[in-house]
A.B. asks: 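For reference, the structure I am asking about is given below.
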Amino acid sequence: MELKKLLNLAEKFISILIIIVACILFSISIYALLSSIVLADAITNDLIFQLTNHFLQSALLFIIGLEIALTLVKHSFVNVIELLIFAMVRKILLASESSLDVVLVVLSIIALILVRNYIKKETLESLLRES
């Protein structure tokens, strides 16, 4: 029993550490993004595209970091599925190379959303049966 408490404490510590590091890195990334805008000579369409891409990459990595911390604390299949969905969204937005790649990721996201909704529905029904 003592080992289980120690492991839970370690998971919470790692989760807090992940959240702190994610917040610091996201803040640094936003600062770099804003300084790029201020220091730019002219704002072109290419610069806007690059800055938007950089922001999306940073924001999605921040969200993935928070989801990892939440998964460590809560131990839920729904959290794992949401983590996978965010990782796939990041891949499709930032690193999709072919149409087949995009279609496969979209189908995978749809499948994960259906599984997540099924798990939530089953959990709700089991809670209602217990009460």
Side-chain angles (χ1 to χ4, degrees):
M1 198 59 153
E2 191 67 32
L3 181 62
K4 188 173 182 178
K5 287 182 182 179
L6 185 64
L7 289 176
N8 280 337
L9 188 63
E11 286 176 345
K12 288 179 182 177
F13 174 74
I14 291 170
S15 295
I16 291 170
L17 193 64
I18 288 172
I19 291 170
I20 290 170
V21 169
C23 288
I24 290 170
L25 292 177
F26 185 66
S27 299
I28 291 171
S29 177
I30 295 301
Y31 176 76
L33 184 70
L34 292 175
S35 64
S36 297
I37 293 171
V38 170
L39 297 175
D41 292 334
I43 297 181
T44 62
N45 287 339
D46 188 45
L47 178 65
I48 291 172
F49 176 76
Q50 288 175 357
L51 294 175
T52 305
N53 193 5
H54 179 73
F55 174 75
L56 284 174
Q57 186 176 15
S58 300
L60 289 171
L61 276 176
F62 177 68
I63 292 170
I64 289 171
L66 295 180
E67 284 292 327
I68 288 172
L70 185 64
T71 302
L72 279 172
V73 172
K74 287 184 79 175
H75 299 152
S76 166
F77 285 122
V78 173
N79 291 339
V80 173
I81 290 171
E82 288 176 354
L83 175 64
L84 290 172
I85 290 171
F86 282 120
M88 288 182 177
V89 166
R90 183 179 181 276
K91 186 205 181 324
I92 200 171
L93 286 176
L94 303 175
S96 57
E97 294 158 5
S98 68
S99 298
L100 179 62
D101 210 23
V102 172
V103 169
L104 290 175
V105 170
V106 168
L107 291 175
S108 299
I109 290 172
I110 291 170
L112 285 171
I113 289 172
L114 291 174
V115 169
R116 183 191 67 182
N117 289 342
Y118 177 76
I119 290 172
K120 283 185 175 181
K121 181 181 174 186
E122 289 295 316
T123 305
L124 182 62
E125 287 177 358
S126 69
L127 288 173
L128 289 175
R129 274 184 261 149
E130 289 176 2
S131 59

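Residues: numbered from 1 along the sequence shown. Predicted, not measured: the structure shown is a model, and the values here were computed from it.
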A.B. asks: Which atom names give the shortest non-hydrogen contact between L112 and I81, and what distance separates them?
C.D. replies: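 What the structure gives for the nearest pair is O-CG2, 3.4 Å.
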
A.B. asks: Write down the atom of A87, the atom of I64, and the distance for their closest heavy-atom approach.
C.D. replies: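 Minimum heavy-atom separation between A87 and I64: CA-CD1, 3.7 Å.
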
A.B. asks: Membership question, hydrophobic clusters at under 4.5 Å side-chain separation (ILVMFWY): are M88 and V102 in the same one?
C.D. replies: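 Yes; tracing contacts between hydrophobic side chains, which count when under 4.5 Å, links both residues.
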
A.B. asks: Under 4.5 Å between side-chain heavy atoms, counting indirect links through other Ile/Leu/Val/Met/Phe/Trp/Tyr residues: same cluster for I113 and I119 or not?
C.D. replies: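 Both belong to a single hydrophobic cluster.
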
A.B. asks: Of all the heavy-atom pairs spanning E67 and N79, show the shortest one and how long it is.
C.D. replies: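 Result for this residue pair: OE1-O, 3.9 Å.
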
A.B. asks: Taking only residues two or more places apart in sequence or in another chain, which ones pass side chain to side chain contact (heavy atoms under 4.5 Å, CB included) with V73?
C.D. replies: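 Listed in chain order: S15.
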
A.B. asks: Are L84 and V115 connected into the same hydrophobic cluster when the rule is that any two of I, L, V, M, F, W, Y join if their side-chain heavy atoms are below 4.5 Å apart?
C.D. replies: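 Yes, same cluster.
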
A.B. asks: With sequence neighbours left out, write down each residue that passes side-chain hydrogen bond (donor to acceptor under 3.5 Å, both in side chains) with N45, or none if nothing qualifies.
C.D. replies: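 Here no residue qualifies.
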
A.B. asks: Output side-chain donor-acceptor pairs under 3.5 Å for residues 52-63, partner residues at least two apart or in another chain, one line each.
C.D. replies:
from, atom 1, to, atom 2, distance (Å)
T52, OG1, I48, O, 2.7
H54, NE2, S29, OG, 3.2
S58, OG, S29, OG, 2.4
S58, OG, H54, O, 3.0

A.B. asks: List the atom of I18, the atom of A69, and the distance in Å for their closest heavy-atom pair.
C.D. replies: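 So the minimum-distance heavy-atom pair works out to CG2-CB, 4.3 Å.
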
A.B. asks: Once you round to the nearest 0.5 Å, how far does CG of L17 lie from NZ of K12?
C.D. replies: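 Between atom CG of L17 and atom NZ of K12 there are 16.0 Å.
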
A.B. asks: Report whether L47 and L34 are members of the same hydrophobic cluster (ILVMFWY, side-chain heavy atoms less than 4.5 Å apart, transitive linking).
C.D. replies: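 Yes: a chain of side-chain contacts under 4.5 Å links L47 to L34.
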
A.B. asks: Starting from V103, walk the hydrophobic network (Ile, Leu, Val, Met, Phe, Trp, Tyr; side-chain heavy atoms closer than 4.5 Å) and list everyone else you reach, by chain and number.
C.D. replies: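 L107, listed by chain and number.
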
A.B. asks: Hydrophobic clusters here meaning ILVMFWY residues chained together by side-chain heavy-atom distances under 4.5 Å, can you tell me if L114 and F77 are in one?
C.D. replies: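 Yes, because L114 and F77 connect within a single hydrophobic cluster, where side-chain heavy atoms sit under 4.5 Å apart.
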
A.B. asks: With a 4.5 Å limit on heavy-atom distance, are the side chains of V105 and I109 in contact?
C.D. replies: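 Answer yes - side chains close enough.
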
A.B. asks: To the nearest 0.5 Å, what is the distance between CG (L104) and OG (S98)?
C.D. replies: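 Between L104 CG and S98 OG, I get 8.0 Å after rounding to 0.5 Å.
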
A.B. asks: CG/L70 to NE2/H75 distance, rounded to the nearest 0.5 angstrom?
C.D. replies: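 Output value for this atom pair is 10.5 Å.
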
A.B. asks: Only pairs at least two apart or in different chains count here, so list each salt bridge (Lys or Arg N to Asp or Glu O under 4.0 Å) that has a residue in residues 102-118.
C.D. replies: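 Only E82-R116 qualify under salt bridge (Lys or Arg N to Asp or Glu O under 4.0 Å).
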
A.B. asks: Taking the hydrophobic residues Ile, Leu, Val, Met, Phe, Trp and Tyr, and joining any pair whose side-chain heavy atoms are under 4.5 Å apart, which ones share a cluster with I16?
C.D. replies: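 I16 shares its hydrophobic cluster with I20, I24, I28.
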
